[in-house]
Amino acid sequence: LTAYTPALLASLQRQPSVQVMGWLDRAVRAEGLDLPCGPNPVRPAEYAAVLEQLQHHPLASEDCKAFAQDSLDDARAAIRP
């Protein structure tokens, strides 16, 4: 999954999707794990920035915005030292 995270992030920016956000959320959370496919190229701070953008995206549904806020709260917690 981590090999696809840059493309998924770009897709999320173009067309907000709860499903894509879920995949990215799982991949970003797994960043600290020793994954056989290597490290995730999408860092938590980069993901958090996109989640902030989704809060104001004209194509994002209310469900998508709510999930983005929940994921943003989690991402911010992961970024804190």
Side-chain angles (χ1 to χ4, degrees):
L1 180 64
T2 59
Y4 299 104
T5 57
L8 288 171
L9 191 67
S11 173
L12 187 62
Q13 288 177 293
R14 287 188 310 274
Q15 179 65 46
S17 162
V18 172
Q19 185 176 14
V20 171
M21 203 180 326
W23 290 330
L24 277 168
D25 197 60
R26 185 173 22 177
V28 170
R29 288 176 193 261
E31 175 190 323
L33 303 176
D34 185 19
L35 301 173
C37 54
N40 187 348
V42 174
R43 312 274 34 111
E46 184 180 6
Y47 179 53
V50 171
L51 292 173
E52 287 179 10
Q53 292 172 3
L54 290 180
Q55 296 298 313
H56 308 288
H57 198 292
L59 299 176
S61 68
E62 290 305 313
D63 287 342
C64 190
K65 289 178 182 181
F67 187 55
Q69 184 60 55
D70 289 343
S71 296
L72 181 58
D73 294 341
D74 293 342
R76 284 179 176 154
I79 294 169
R80 288 186 200 132

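Computed over heavy atoms, backbone and side chain alike; hydrogens, waters and symmetry mates excluded. Keep in mind it's a predicted model, so treat the numbers as computed, not measured.
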message: If you compare all heavy atoms of A48 against all heavy atoms of L72, which two are closest, and at what distance to 0.1 Å?
response: O-CD1, 3.4 Å

Smallest separation among heavy atoms of Q55 and Q69, with atom names: NE2-N, 3.1 Å

- prompt: Is it true that a side-chain atom of Y47 and a backbone atom of L9 form a donor plus acceptor pair closer than 3.5 Å?
  reply: no

Atom pair OG/CG of S71 and D25 - distance to nearest 0.5 Å: 4.0 Å

message: Just verifying a value: how many Å separate D70 CG and K65 NZ, rounded to the nearest 0.5 Å?
response: 14.5 Å

- prompt: So do the side chains of F67 and Q19 get within less than 4.5 Å of each other, counting heavy atoms only?
  reply: no

task: Please name all residues satisfying side chain to side chain donor-acceptor pair (under 3.5 Å) with E52, sequence neighbours left out, ordered by chain then number.
output: R76

field: Set of residues satisfying side-chain contact (heavy atoms from CB on, under 4.5 Å) with respect to S11, sequence neighbours excluded
entry: R14

field: Residues that Q13 engages under side chain to side chain donor-acceptor pair (under 3.5 Å), provided they are two or more places apart
entry: Q53

- request: Could you tell me which non-hydrogen atom of L54 sits nearest to which non-hydrogen atom of P16, and how far apart they are?
  value: CD2-CG, 3.7 Å

query: side-chain contact (heavy atoms from CB on, under 4.5 Å) with V20: which residues, sequence neighbours excluded?
result: L8, L12, S17, W23, L24

